[in-house]
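Every number for a ligand or one of its atoms is a count from 1 in the order of the listing.
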Amino acid sequence: MTATRTPGLPALEDGLLISTNPASGDEAGRVPVADEAAVTEAVAAARTAAAWWAGLGFDGRKERLLAWRAVLADRIEELGELTELEGGKPAADAVVEATAAIEHIDWAARNARRVLGPRKVRSRVMVLEHSGHLEYQPYGVVGVIGPWNYPILTPVGSISGALAAGNAVVFKPSEYTPVVGQWLVDTFAEVVPEQPVFQAVHGLGEVGGFLCRAGVNKVAFTGSTATGKKVMAACAETLTPVIIEAGGKDAMIVDADADIAAAAEAAVWGGMTNAGQTCIGIERVYAVAPVYDAFVAAVVEKAGKLRTGHEIGPITMPRQLDVIKRHIDDALDRGGEAVLGGRESVQAPYVSPTVLVDVPEDSAAVREETFGPTLTITKVADADEAVTKANAVPYGLGGSVFGKANAIRIARRMRSGMVAVNSALAFVGNANLPFGGVGDSGFGRIHGDDGLREFARAKAVSVRRGPSLIPAMTFERTPAQVQRLIKTVKMLYARKR
Ligand code: NDP
């Protein structure tokens with residue numbers, strides 16, 4: 001028996017990855033580790049499957065995807081329990097996560113034809129003799145690389161779009177959540193047994209690298225900004241297009257006319273759900289001076305009721321505990337104050353809710369992704385200052401605004417891909433809305449019409465429907481026809497005198 005255990009990483013034994021619960025150490029399951037040849041083989045099998053799957057057409061795929069959605073809905077409790085067993089996330093939170101994933105599968109199945117199907121487009125005067133046709137064709141095989149923090153919703157956001165568009169998918173789940181990833185693949189195979197349309201390849205980070213280089217036609221990556229850059233560099237070697245859904249440092253702005261109790265409730269949930277291990281989690285709050293004291297008091301009162309091991313699960317990745325501790329220590333060393341929790345909040349594998357105030361804007365706790373149940377709250381003079389400060393980090397994923405008269409105006413000024421007004425994170429559950437970031441949070445979109453289009457290439461076809469009135473694109477045009485062309489261009493586009 002050959003066992004390898006690297007501190008902080010899941011164990012490998014006899015070619016199997018052993019997934020364990022971060023709090024109890026209980027085994028959640030074992031999956032085979034893929035080597036480079038196995039990844040290449042999976043992509044080759046996916047290529048054949050992709051042709052079959054694309055051949056089913058929108059209706060055939062819709063029927064299968066809706067059947068998969070139904071399996072997930074039927075077995076949602078089982079999925080919730082498995083997610084808790086493997087990652088430590090409370091099962092109720094996992095059920096909420098699975099609900100959003102089910103929504104996205106349903107939406108992608110029902111909307112793929114509308115968004116991607118063949119349509120006629122209007123012609124233009126200069127080329128009136130040709131009709132225009134547009135459709136979106138699948139890439140072929142899409143590689144999906146997913147993180148551990150939302151092991152159902154995050155990959156399914158890409159997988160549902162890629163499958164609905166007619167691609168086969170090879171999925172590399174995080175090494176911390178391979179069992180949930182495999183469960184998704186196995187349930188899909190129950191409704192699509194004919195071909196390996198959706199497969200998983202398991203292992204440590206290098207397996208993601210193999211996938212990028214295995215001939216996939218597009219990669220949808222969700223994970224940290226640092227790994228996103230490596231993925232992009234690997235994909236650049238073969239000009240493989242990528243979507244990068246990376247980290248965040250999302251801010252909430254609380255304006256003077258905000259409902260303070262609602263804002264505090266949303267800040268606590270947005271910041272501390274999943275123990276703060278949420279890409280679109282609220283990590284910073286900017287509250288205007290007139291409501292600052294009341295807001296801080298309400299946040300402390302609500303967050304103080306949350307208990308580790310109950311509402312607050314363990315920190316999944318052991319090395320993240322060091323990051324969280326460093327951020328708290330740095331904030332306090334540099335003049336910040338902990339109005340809830342503090343240095344002693346980090347007690348592996350848990351971190352208890354921590355609320356920091358008066359933290360310098362250039363500190364790690366304000367600028368870097370903390371990924372723990374911590375919040376910084378900063379007093380600002382007005383919404384303008386809040387927007388400036390909220391936008392002053394390299395990340396730009398989501399955000400939140402609480403207020404009435406100016407809330408939407410403020411939301412539009414936030415440098416981010418999504419903003420929730422008078423709630424936190426709500427945009428992720430609306431399958432009609434695109435999801436993705438700007439800056440260090442990445443580029444490209446999943447979910448919604450834009451998300452579906454990421455997984456298909458626009459194909460333009462023009463069809464001659466008659467002779468050219470002004471033949472231009474031919475060696476056989478006459479000088480008189482060129483004169484007619486000049487006259488027409490001037491009539492249509494020249495400055496009117
Ligand atoms: P990582 O970047 O560490 O890993 C993401 C995935 O990439 C994992 O499957 C990982 O495998 C794989 N990977 C690691 N190294 C490579 C490589 N060289 N080439 C290809 N793939 C590789 O992120 P985490 O799993 O820690 O996830 C947390 C991060 O994800 C946070 O920053 C969070 O904000 C972000 N995130 C972003 C979301 C968004 O939609 N924008 C949503 C959810 C999370 P392995 O695990 O085996 O190392």
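- Counting only heavy atoms from C-beta outward, the side chains of Thr225 and Tyr395 approach each other to under 4.5 Å.
- Qualifying ring pair (Phe, Tyr, Trp, His ring centres under 6.0 Å) partners for Phe188, counting only residues two or more places apart in sequence or in other chains: Trp53, Trp68, Phe198.
- Here the NZ-OG distance, from Lys230 to Ser224, works out to 7.5 Å after rounding to the nearest 0.5 Å.
- Among Gly223, Gly143, Gly208, Ser174, the residue whose heavy atom sits closest to atom 35 (C) of ligand 1 is Gly223.
- At the top of the distance list for atom 3 (O) of ligand 1, counting protein heavy atoms only, stands Thr227 OG1, 3.8 Å.
- With a 4.0 Å cut-off on non-hydrogen atoms, Asn149 touches ligand 1 through its side chain and not its backbone.
- With sequence neighbours excluded, no residue satisfies side-chain hydrogen bond (donor to acceptor under 3.5 Å, both in side chains) with Arg415.
- Shown here is Ile408, whose CD1 atom has no more than 12 heavy atoms of other residues, nucleotides or ligands within 6.0 Å.
- Listed by number with element, the atoms of ligand 1 under 4.0 Å from a non-hydrogen atom of Val231 are 19 (N), 20 (C), 21 (N).
- At a heavy-atom cutoff of 4.0 Å, ligand 1 is contacted by the side chain of Phe371 but not by its backbone.
- To the nearest 0.5 Å, atom CZ of residue Arg61 and atom CG of residue Asn167 are 8.5 Å apart.
- Thr154 places no side-chain N or O within donor-acceptor distance of the main-chain N or O of Pro151, the cut-off being under 3.5 Å.
- Residue-level proximity to ligand 1 for Tyr150 is absent, since no heavy atom of it falls below 4.0 angstrom.
- With a 4.0 Å cut-off on non-hydrogen atoms, Thr222 touches ligand 1 through its backbone as well as its side chain.
- Closest protein heavy atom to atom 40 (O) of ligand 1: Phe435 CE2, 3.1 Å.
- Counting heavy atoms closer than 4.0 Å to ligand 1, residue Ile446 contributes nothing at all.
- The protein heavy-atom contact nearest to atom 19 (N) of ligand 1 is Gly209 N, 3.4 Å.
- When non-hydrogen atoms are compared, ligand 1 lies under 4.0 Å from neither the backbone nor the side chain of Ala234.
- Of all protein heavy atoms, the one lying nearest to atom 25 (O) of ligand 1 is Trp148 CD1, 2.9 Å.
- Interface of Leu397 with ligand 1, defined as ligand atoms under 4.0 Å from a residue heavy atom, comprises 41 (N).
- Residues Ile315 and Gln277 have side chains in contact (heavy-atom distance under 4.5 Å, counting atoms from C-beta outward).
- Compare Ile145, Thr316, Ile243 by their heavy atoms: the one nearest to atom 12 (C) of ligand 1 is in Ile145.
- When Gly436, Ala246, Cys279 are ranked by how near their heavy atoms come to atom 41 (N) of ligand 1, first place goes to Ala246.
- With hydrogens left out, the protein atom closest to atom 18 (N) of ligand 1 is Lys230 CD, 3.8 Å, a heavy atom.
- For ligand 1, the atoms closer than 4.0 angstrom to any heavy atom of Glu245 are 37 (C), 39 (C), 40 (O), 41 (N).
- Distance check: Thr378 OG1 to Glu361 CD gives 5.0 Å after rounding to the nearest 0.5 Å.
- Taking all heavy atoms of Lys249, Gln277, Lys172, Glu175 into account, the minimum distance to atom 11 (O) of ligand 1 is reached by Lys172.
- When the heavy atoms of Ser224, Gly157, Gly146 are ranked by distance to atom 1 (P) of ligand 1, first place goes to Ser224.
- The CG atom of Leu375 sits 8.5 Å away from the CG atom of Leu356 when rounded to the nearest 0.5 Å.
- Under 3.5 Å, the side chains of Ser345 and Thr354 contain a donor-acceptor pair of N or O atoms.
- Nearest protein neighbour of atom 17 (C) of ligand 1, counting heavy atoms only, is Gly205 O, 3.6 Å.
- For atom 27 (O) of ligand 1, the closest non-hydrogen atom on the protein side is Pro147 CB, 3.2 Å.
- Interface of Gly203 with ligand 1, defined as ligand atoms under 4.0 Å from a residue heavy atom, comprises 47 (O).
- Numbered from 1 in the order shown, with element, the atoms of ligand 1 that lie under 4.0 Å from a heavy atom of Leu204 read 47 (O).
- In this structure, a donor-acceptor pair under 3.5 Å is present between the side chains of Thr370 and Lys249.
- No donor-acceptor pair closer than 3.5 Å links the side chain of Asp250 to the backbone N or O of Ile282.
- When each of Trp107, Phe427, Phe435 is checked for a ring-ring contact (aromatic ring centres under 6.0 Å, His included) with His447, only Phe435 meets the rule.
- Contact annotation: for Glu369 versus ligand 1, heavy atoms closer than 4.0 Å belong to the side chain alone.
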